[in-house]
Amino acid sequence: GENVEQHPSTLSVQEGDSAVIKCTYSDSASNYFPWYKQELGKGPQLIIDIRSNVGEKKDQRIAVTLNKTAKHFSLHITETQPEDSAVYFCAATKNSGNTPLVFGKGTRLSVIA
Amino acid sequence: NAGVTQTPKFRILKIGQSMTLQCAQDMNHNYMYWYRQDPGMGLKLIYYSVGAGITDKGEVPNGYNVSRSTTEDFPLRLELAAPSQTSVYFCASERGNTEAFFGQGTRLTVV
């Protein structure tokens, strides 16, 4: 089955700097790669996603890149703000009837004001 | 639109007791999941379902059972609670290869 590795497990950045979180996946058939943000005491929420027919997607200060050949994808947050502090999870899945969404272990991002 | 609703939000169980964590979604999603999240850790998949009548084990199924008699509901059963099952439990649903929606979580303590 699919295996998703996520790095780093913790990340501290100064406010205004950029943050990058990287994930690798094992199943070359995976074609959907979402990123979730989990704030304290809440369930994860989708912040951005990318499909395998696209190399990059951007939404304001957040961008995701996908390298299908290397089987890795990354989350980029620019001009970080204190409210970006949270745990971020990457995930991967494929459009197959019986395969679940597989998450990475998460990255705790701290933005220092 | 309620999304994914989990009940209860908090529960304290004694060792050996049983309970059912409820999860309901009103989005007509085929896929439903149960995860546990230990303090400071990631999401571990317990069980999942790709549709009514179909369930499969995830990474950590021991000590749990599920059923999926309807599209909307996906209850998680703990038969003999153990301290190792102290955790926060999240239910999620998705249509398939799309955004997954999570419930607010159930914080379970076994003493």
Side-chain angles (χ1 to χ4, degrees), chain A residues 1-11 21 23 25 27 29-54 57 59 64 85-110, chain B residues 2-7 9-10 21 23-25 27 29-61 66 68 74 87-107:
Chain A
E2 176 64 274
N3 182 49
V4 178
E5 300 282 340
Q6 183 172 348
H7 299 280
S9 56
T10 60
L11 179 60
I21 302 170
C23 289
Y25 60 99
D27 189 344
S30 287
N31 58 8
Y32 176 62
F33 307 93
W35 285 89
Y36 289 82
K37 177 183 181 181
Q38 185 180 27
E39 295 177 339
L40 199 61
K42 297 184 177 181
Q45 281 194 304
L46 182 76
I47 54 170
I48 195 167
D49 56 11
I50 192 167
R51 297 190 183 274
S52 58
N53 58 347
V54 176
K57 185 176 178 181
D59 182 4
V64 58
S85 295
V87 178
Y88 292 81
F89 293 97
C90 63
T93 189
K94 59 187 176 185
N95 189 19
S96 174
N98 203 35
T99 55
L101 187 61
V102 178
F103 283 89
K105 293 193 185 304
T107 296
R108 183 175 299 278
L109 173 65
S110 300
Chain B
V4 178
T5 303
Q6 286 185 240
T7 56
K9 288 187 170 51
F10 303 93
L21 282 67
C23 176
Q25 52 93 6
M27 298 171 281
H29 286 169
N30 287 331
Y31 289 72
M32 294 189 75
Y33 305 89
W34 274 107
Y35 295 92
R36 61 175 286 173
Q37 186 175 37
D38 298 332
M41 304 295 282
L43 301 162
K44 293 184 179 179
L45 182 63
I46 305 171
Y47 271 95
Y48 67 101
S49 169
V50 301
I54 306 169
T55 62
D56 269 297
K57 295 178 180 179
E59 181 185 357
V60 289
V66 293
R68 185 93 183 271
F74 191 41
S87 191
V88 179
Y89 292 83
F90 287 102
C91 177
S93 75
E94 52 142 337
R95 190 175 296 115
N97 252 27
T98 60
E99 177 179 2
F101 293 83
F102 283 78
Q104 290 285 60
T106 295
R107 187 175 297 274

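Below, chain A is the first sequence line, B the second, and so on; all start at residue 1. Nothing here was measured: the structure is a model prediction, and the numbers come from that model.
- For the set A/Gly43, A/Gly1, A/Gly41, A/Pro34, the entry with the most heavy-atom pairs within less than 4.5 Å of chain B is A/Gly43.
- Residues A/Arg51 and A/Asp49 are not paired through a salt bridge, judged by the lack of any N-O separation under 4.0 Å between the basic side chain and the carboxylate.
- Ranked by heavy-atom pairs under 4.5 Å with chain A, the first of B/Asn30, B/Asp56, B/Val4 is B/Asp56.
- Neither the backbone nor the side chain of B/Gln6 comes within contact range of chain A; no heavy atoms are under 4.5 Å apart.
- Crowding of A/Gln45 atom CD: a count of heavy atoms from other residues, nucleotides or ligands under 6.0 Å not exceeding 12.
- For B/Phe101, no part sits under 4.5 Å from any heavy atom of chain A, backbone or side chain.
- Both the backbone and the side chain of B/Leu43 come within contact range of chain A, each with at least one heavy atom under 4.5 Å from a heavy atom of that chain.
- Of the residues considered (B/Met41, B/Gln37, B/Gln104), B/Gln37 shows the highest number of contacts with chain A, using heavy-atom pairs under 4.5 Å.
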When you look at A/Leu11 and A/Tyr88, which way does the side-chain contact (heavy atoms from CB on, under 4.5 Å) test go after all the steps? CA-CA 10 Å; A/Leu11 179 60; A/Tyr88 292 81; over 6 Å; no
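- There is no contact between B/Ser49 and chain A, counting heavy-atom distances below 4.5 Å.
- Residue A/Pro44 touches chain B through both its backbone and its side chain, counting heavy-atom pairs closer than 4.5 Å.
- Between A/Phe33 and A/Tyr25, the two ring planes are tilted [angle within 30° to 60°].
- Under the 4.5 Å side-chain criterion, counting only non-hydrogen atoms from C-beta, B/Ile46 is in contact with B/Tyr89.
- Contact of the A/Ser30 side chain with the A/Val4 side chain is not registered, since no non-hydrogen atoms from C-beta on lie closer than 4.5 Å.
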